[in-house]
Amino acid sequence: MRLARPSIHRLLRFGVPAAAAALACTYLAFGELKPQAAWRGLDVLGEGGTALLAAAWMALVLASRPAGRVTALLALGLGCVALGAWADALDEIVSMQAAPGRFDKWIESGLPPLGMLLLTAGLVGWRREQFELSEHMAQRERLFRDHRAFDRITQLADTGYLREQLALDAARRPGTPAALLMLEIEGLPPLLHEHGRRDAVRALRAVTHQLLLNLRRSDLLCRAAGDRFVVLLPATGAAEAGRRAAHLARMVQLTAFEAGNAAWPLGLRWACVAATPADDAAALLRRLADDLQTGAVPARAAAAT
């Protein structure tokens with residue numbers, strides 16, 4: 001089922017050009033067009049070019065990043081900068097001396113600082129994202145060094161590598177509990193059926209990104225098959241593993257994903273099991289798969305945990 005609610009992405013994509021057109025109409029309605037001889041060409045070119053570049057950067061951000069708070073802050077900031085520069089360019093060719101309250105000065109002076117403030121907040125959030133991702137990339141470096149095969153879609157290792165790491169963790173931490181999680185994406189099969197493989201791959205990558213951002217550096221995320229992942233949580237008991245799984249489910253449920261110009265809800269079902277050095281990794285994975293079939297915790301139940 002799709003949720004037909006408007007997104008900040010669509011509002012920005014169409015709202016900023018509409019606001020720019022409204023500004024031009026407003027300036028022409030309340031001001032007077034200056035004689036062409038009074039136009040300062042370099043100022044018009046510089047301010048108009050700044051507006052176009054900021055708008056192009058906003059479109060690039062919206063096209064290349066997943067929906068979310070950081071993307072919205074970056075795009076809003078660039079949109080404000082674009083509109084402020086556009087107002088400055090209009091002021092070079094339209095005299096607003098008779099405009100009521102000189103609202104043009106408020107627009108020209110207020111929008112660029114507001115845009116820079118929003119951009120700064122977005123860059124702080126982006127830096128935090130990159131820091132989290134770099135920690136997880138450090139885990140992947142050991143896979144590259146081992147010349148491991150990666151899943152082509154998610155760039156995650158497979159369950160064979162997880163079995164090896166489970167054995168190594170047991171040897172490094174004898175007597176210390178560990179936990180395994182198996183996660184299954186809710187909403188992916190109907191997405192594949194209704195919108196095709198391209199959107200399903202985008203959703204799979206978005207969920208992978210969200211999981212990596214919300215796992216600890218010591219945790220290991222692998223792709224099992226299809227819409228399933230397996231997570232190794234070293235030095236973690238079953239109760240703590242359940243809490244972490246519930247948190248992952250909440251984060252995936254909050255992921256803003258669109259397909260066919262509408263929001264598409266995603267969620268996680270999960271099952272967890274404690275792992276000891278005496279346990280067989282293949283048997284644990286079979287048990288997790290059976291639990292997912294029979295008694296896995298759905299996303300909505302996880303969100304209430």
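Not measured: the values here are computed from a predicted model.
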Quiz prompt | Spatial distance of atom CG (Leu28) from atom CG (Leu23) [nearest 0.5 Å] | solution = 10.5 Å

Exercise. State yes or no: do Leu74 and Leu117 share one hydrophobic cluster built from I, L, V, M, F, W and Y residues joined by side-chain heavy-atom distances below 4.5 Å, directly or via other members?
Key: no

Quiz item: Measuring from His195:NE2 to Glu258:CD, what's the distance to the nearest 0.5 Å?
Solution: 11.0 Å

Quiz prompt | Derivation and outcome, side-chain contact (heavy atoms from CB on, under 4.5 Å), residues Val44 and Ile93 | solution = CA-CA 8 Å; Val44 173; Ile93 61 176; 4.0 Å; yes

Quiz item: Would you say the side chain of Val94 lies within less than 4.5 Å of the side chain of Glu32, judging by non-hydrogen atoms?
Solution: no

Quiz item: Under a single-linkage definition using a 4.5 Å side-chain heavy-atom cutoff for Ile, Leu, Val, Met, Phe, Trp and Tyr, are Leu52 and Leu78 assigned to the same hydrophobic cluster?
Solution: no

Quiz prompt | Steps toward side-chain contact (heavy atoms from CB on, under 4.5 Å) verdict (Ile185, Phe229) | solution = CA-CA 9 Å; Ile185 305 174; Phe229 301 89; 3.6 Å; yes

Quiz item: Side chains of Asp291 and Arg287: closer than 4.5 Å at any heavy-atom pair?
Solution: yes

Quiz prompt | hydrophobic_cluster_shared for Met251 and Leu220, side chain cutoff 4.5 Å | solution = no

Quiz item: What is the distance from atom OG1 of Thr159 to atom CE of Met182, rounded to the nearest 0.5 Å?
Solution: 8.0 Å

Quiz prompt | Distance (rounded to the nearest 0.5 Å) between Leu191 CG and Leu204 CG | solution = 10.5 Å

Quiz item: Are Leu188 and Val207 close enough, and set up right, to give a side-chain contact (heavy atoms from CB on, under 4.5 Å), and what steps lead you there?
Solution: CA-CA 10 Å; Leu188 193 62; Val207 171; over 6 Å; no

Quiz item: If you look at every heavy atom in Ala20 and Trp86, which pair is closest and at what distance?
Solution: O-NE1, 2.9 Å

Quiz item: Of the non-hydrogen atoms in Ala224 and Val230, which two are nearest, and what is the gap between them?
Solution: CB-CG2, 3.8 Å

Quiz item: With a 4.0 Å cut-off, would you call Asp199 and Arg202 a salt bridge?
Solution: yes

Quiz item: Any donor-acceptor pair under 3.5 Å linking the side chain of Trp264 with the backbone of Gly187?
Solution: yes

Exercise. Kindly say whether Leu292 contributes a backbone atom to a donor-acceptor pair with the side chain of Arg269 at under 3.5 angstrom?
Key: yes

Quiz item: Say you draw a straight line from CG of Leu254 to CD of Gln210; how long is it, rounded to the nearest 0.5 Å?
Solution: 8.0 Å

Quiz prompt | Ile107 versus Pro112, closest heavy-atom pair with distance | solution = O-CD, 3.9 Å

Self-check item: Partner of Leu166 by side chain to side chain contact (heavy atoms under 4.5 Å, CB included), out of Asp280, Leu285, Leu232
Solution: Leu232

Self-check item: Same cluster (ILVMFWY, side-chain, under 4.5 Å), Met58 and Trp126
Solution: yes

Self-check item: Residues, nucleotides or ligands: over 12 heavy atoms within 6.0 Å of Arg69 CZ
Solution: no

Quiz item: What distance separates Leu123 CG from Met116 CE, expressed to the nearest 0.5 Å?
Solution: 8.5 Å

Self-check item: Over all atoms of both residues, closest heavy-atom pair of Thr236 and Ala241
Solution: CG2-N, 3.7 Å

Exercise. Quick one: which residue pairs count as a side chain to side chain donor-acceptor pair (under 3.5 Å) with a foot in residues 34-50, not counting sequence neighbours?
Key: Arg40-Asp43, Arg40-Glu92

Exercise. Group every Ile, Leu, Val, Met, Phe, Trp and Tyr by side-chain heavy-atom contacts under 4.5 Å, then state whether Leu73 and Trp57 land in the same group.
Key: yes

Self-check item: Candidate pair Leu215 and Val231, rule side-chain contact (heavy atoms from CB on, under 4.5 Å), full reasoning
Solution: CA-CA 9 Å; Leu215 287 170; Val231 185; 3.9 Å; yes

Quiz item: Is the backbone N or O of Ala24 less than 3.5 Å from a side-chain atom of Thr26, with the two atoms forming a donor-acceptor pair by type?
Solution: no

Quiz prompt | Nearest atoms (heavy-atom pairs only) where Ala274 meets Leu284 | solution = O-CD2, 4.1 Å

Quiz item: Do Val70 and Arg128 have side chains that get closer than 4.5 Å, going by heavy atoms?
Solution: no

Self-check item: Minimum-distance pair of heavy atoms, taken over all atoms of Leu114 and Cys80
Solution: CD2-SG, 4.1 Å

